[in-house]
Participant: 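Pasting a structure here, questions to come.
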Amino acid sequence: MPLFYRRIVPLCLALAACWHGPAMANSGGEAEAAAARTSLAGNYLAGRVAGSQRDAAAAAAYFRAALREDPRNGELLERTFLLTLVDGDVEGAMRLAERVVTSDPTNRMARLALATRAVKTHNYSAARHHLARGAKGPLADLTSNLLIGWSYVGADQTAKALEAVDKLQSADFFGTFRDYHAALMADLGNRREEASKRFDAALAGDGAALRIVQAAAIFRARNGDKPGALKLLSDFEKSAPRHPLIRQTREAIENDKAPKRPIADAADGAAETLYGIGGALGRQGGEDLSLVYLQLALYLEPQHPMALVTLADLYDQLNQFQDAIDVYAKVPDGSPLKRNAEIQSAMDLDRLDKTEEAKAKLSKLVEADPTDQEAIVALGNIERGREQFKEAAEAYTRAIDLIEKAATPAEATPPSPLAEGAKPAEAASGSTPTADANNWSLYYVRGIAYERSDQWPKAEADLKKALALSPEQPLIMNYLGYSWIDKGQNLDEGMKLIKRAVELKPDDGYIVDSLGWAHYRLGKYDDAVRELERAVELRPQDPVMNDHLGDAYWRVGRKVEARFQWSHAVDLKPEDKELPKIQAKLKDGLPPEQKTDAAEMQEKKNGG
């Protein structure tokens, strides 16, 4: 979906480097207290800093305090309104929206907020009034026409609802939203033939859209077309397997328990509109506006599971992990997304360095369901990330055992452990997968865990297994090839694998670095310099690559440049265990060259 504009008012402004203002608070509550002791200018500047750091709660608190000092400032009022809305204080934002439209009658976001409130209170004519008064534009037109349609549904005027959405003709991407919502409206208005036609059009526009497929399948099942409903779901699962909402819908239809309509009334439809557009904006880089839409969707339907997980996923994307955890906790217990939300919440706890709490949360899930492969993989990912490699290998073994011991073919493949925890809206439902090519990543990460815990024979077997399952996977080629070279084994085959990995991913700095370091280990320092220079060009802020390049420079006699690279590596904050090693090289340089096992094997191979 094209993004016509990403922000109504910039919420993330950089502060001039010379500013020396009040100390920043760490939460909305602290900001409220700090704001009470701060001047108008100080609160304004502090609010801008908090906004640039995406701390909506603190930013809103500072701007509210500034607004009390300067209530006629239109720009300040609009910023405060938007930040209050993004922070989730929708009722507070509504009061501010009323003030915004008094001074700026066509303000589209304030009008949208007030229209949403009108839909919630069943004041549909007021909703249409606000939507008609807002400023125009492609995205505004899409939102307004769909919400106007839902306002007519609320007033039992299905014909006018369809007429409103059918005005969306100005851009191709409008078609999917138009047809999907028109189908939902026609279904609620008991216009079966019209709904069927509209669902078919929506599916033709985007047959891979989860909500369209789910709603269309439910419609077909409720109207006696069980085979057609199941085929829709089966086709969807071929490309997006094991989604918990689709799985729940399929199981209900298979058991002749026709699921309820996904949209029950006008407020549900308006929430679906705001969620759908908000989710699209978030995927296209419009995070600030996406937050506004999703908060309004949840104002209408606080337990909308897809809106909740989409909002939490957006917070993850913005590295606001505690906010994400708070939203995941709101996913209803009865939702099929709840378990996945719990898993992602655990991953976020680990990102907040609450690793033991995260592991305990996942262990509890596994204890409740020992076949919960996704929770087991997530636990292994946390342990691997924390360098608890032996424990990680044990966790991955449990996951692999579920695959290899499966008595019957399962429905789909597992979530990739490389994703560090699948997102709730995309994750698996807990069924046991089969040992097929899609499981290469499990053997790959277990191979890494074995290698890092000094269990090389097991590691090599797993990496070979992963490569057999996915022969053109550059990650496997890189890891196995470099490991062989580092150990002085299979030198030709190892270098061949790494070079092929570079061919497949020439812009991957990590893989290019592996090729350069493999040359270094073989004593081919000129070749090492060439590749490591390219790796640093690709990832100039990586301390390991800069350190490697320094070593290569030293070996070819470019000692001034070597010290520069090592110094730069120190500035880039390497891992604690690496810092003393680099500092020692800065002081004394590298010791005299000692041939590595790989270099000695290369010499023997060459007849030296």
Side-chain angles (χ1 to χ4, degrees), residues 1-9 11-12 54 56 81-90 93-94 97 108-117 119-120 127 131 134 137-147 149-150 168 171 173-174 176-178 180-181 184 206 209-212 214-215 245 262-263 267-318 320 323-324 326-328 330-331 337 341 423-426:
M1 170 177 161
L3 201 58
F4 292 92
Y5 62 96
R6 296 185 177 181
R7 294 160 180 81
I8 301 302
V9 174
L11 300 180
C12 303
R54 294 193 179 277
F81 154 65
L82 284 168
L83 284 163
T84 301
L85 184 52
V86 167
D87 188 39
D89 180 8
V90 183
M94 294 299 176
R108 65 184 72 183
M109 295 311 297
R111 289 293 184 185
L112 174 60
L114 294 174
T116 303
R117 183 176 67 179
V119 170
K120 186 178 180 72
L131 293 166
L139 184 58
D141 291 346
L142 173 63
T143 306
S144 296
N145 281 66
L146 292 177
L147 291 181
W150 282 111
L168 294 169
F173 78 92
F174 283 4
T176 300
F177 282 96
R178 178 195 65 224
Y180 171 53
H181 284 273
L184 296 173
D206 189 356
L210 171 95
R211 296 295 277 179
I212 295 175
Q214 183 191 24
L245 285 179
I263 304 301
D268 274 359
E272 184 76 2
T273 296
L274 294 165
Y275 147 71
I277 297 174
L281 288 168
R283 290 189 295 273
Q284 296 292 328
E287 295 91 352
D288 295 326
L289 196 53
S290 176
L291 290 170
V292 170
Y293 272 71
L294 292 170
Q295 292 288 11
L296 289 174
L298 291 168
Y299 172 69
L300 287 170
E301 178 47 67
Q303 292 194 320
H304 192 301
M306 290 296 292
L308 285 168
V309 296
T310 302
L311 178 59
D313 183 42
L314 183 56
Y315 282 137
D316 274 339
Q317 182 179 320
L318 297 172
Q320 296 175 241
D323 288 332
D326 293 342
V327 175
Y328 285 131
K330 296 178 182 178
V331 176
L337 297 178
K423 298 298 180 187
E426 304 167 351

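All values reported here derive from a predicted model rather than from experimental measurement. The first residue of the sequence shown is numbered 1, and numbering continues consecutively from there.
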Participant: Out of D288, L291, D323, which residue meets the side chain to side chain contact (heavy atoms under 4.5 Å, CB included) rule with L318?
Facilitator: L291

Participant: Can you give me the closest heavy-atom contact between H304 and A271, atom names plus distance?
Facilitator: CD2-CB, 4.3 Å

Participant: How close do Y315 and V327 get, counting heavy atoms only, and between which atoms?
Facilitator: CE1-CG2, 3.7 Å

Participant: Return the minimal non-hydrogen interatomic distance between S290 and G278, and the atom names on each side.
Facilitator: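 Looking at all heavy atoms of both residues, the shortest contact is OG-O, 2.6 Å.
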
Participant: Might you work through the side chain to side chain contact (heavy atoms under 4.5 Å, CB included) test for Y275 and L300, ending with a clear yes or no?
Facilitator: CA-CA 10 Å; Y275 147 71; L300 287 170; over 6 Å; no

Participant: Is the shortest side-chain heavy-atom distance between L311 and L298 below 4.5 Å?
Facilitator: yes

Participant: Minimum heavy-atom separation for L245 to R211, with atom names?
Facilitator: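 Smallest heavy-atom distance, with atoms named: CD1-NH1, 4.3 Å.
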
Participant: Checking L139 against L281 for the side chain to side chain contact (heavy atoms under 4.5 Å, CB included) test, could you report, in this order, the C-alpha distance in whole Å, the side-chain angles of both residues, the deciding distance, and whether it holds?
Facilitator: CA-CA 10 Å; L139 184 58; L281 288 168; 3.9 Å; yes

Participant: Can you tell me how far CG of D268 sits from CG of L184, rounded to the nearest 0.5 angstrom?
Facilitator: 10.0 Å

Participant: How long is the straight-line distance from CZ of R111 back to CG of L131, given to the nearest 0.5 Å?
Facilitator: 10.0 Å

Participant: Identify the heavy atoms of R178 and L146 that sit nearest to each other, and give their distance.
Facilitator: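 Looking at all heavy atoms of both residues, the closest pair is CA-CD2, 4.5 Å.
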
Participant: Looking only at heavy atoms, which two atoms of L294 and G279 are closest? And how far apart?
Facilitator: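 Heavy-atom minimum between the residues: CD2-N, 4.3 Å.
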
Participant: Can you list the steps and then say if L314 with E287 is a side chain to side chain contact (heavy atoms under 4.5 Å, CB included)?
Facilitator: CA-CA 7 Å; L314 183 56; E287 295 91 352; 3.7 Å; yes

Participant: Could you check whether Y180 and E272, counting side-chain N and O atoms only, form a donor-acceptor pair closer than 3.5 Å?
Facilitator: yes

Participant: What's the separation between atom CG in L82 and atom CG in D87, rounded to the nearest 0.5 Å?
Facilitator: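 With rounding to 0.5 Å, CG (L82) is 12.5 Å from CG (D87).
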
Participant: To the nearest 0.5 Å, what is the distance between OH on Y299 and CG on L85?
Facilitator: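 Spacing of OH (Y299) from CG (L85) equals 10.5 Å.
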
Participant: M306 vs L337, test: side chain to side chain contact (heavy atoms under 4.5 Å, CB included). Steps then yes/no.
Facilitator: CA-CA 8 Å; M306 290 296 292; L337 297 178; 3.7 Å; yes

Participant: Testing T143, T273, T310, T116 one by one against Y293 for a side chain to side chain donor-acceptor pair (under 3.5 Å), which residue passes?
Facilitator: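 The passing option is T143.
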
Participant: So how far is it from L112 CG to R117 CZ, rounded to the nearest 0.5 Å?
Facilitator: 12.5 Å

Participant: What distance do T176 atom OG1 and L168 atom CG have between them, rounded to the nearest 0.5 Å?
Facilitator: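 T176 atom OG1 to L168 atom CG measures 11.5 Å (nearest 0.5 Å).
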
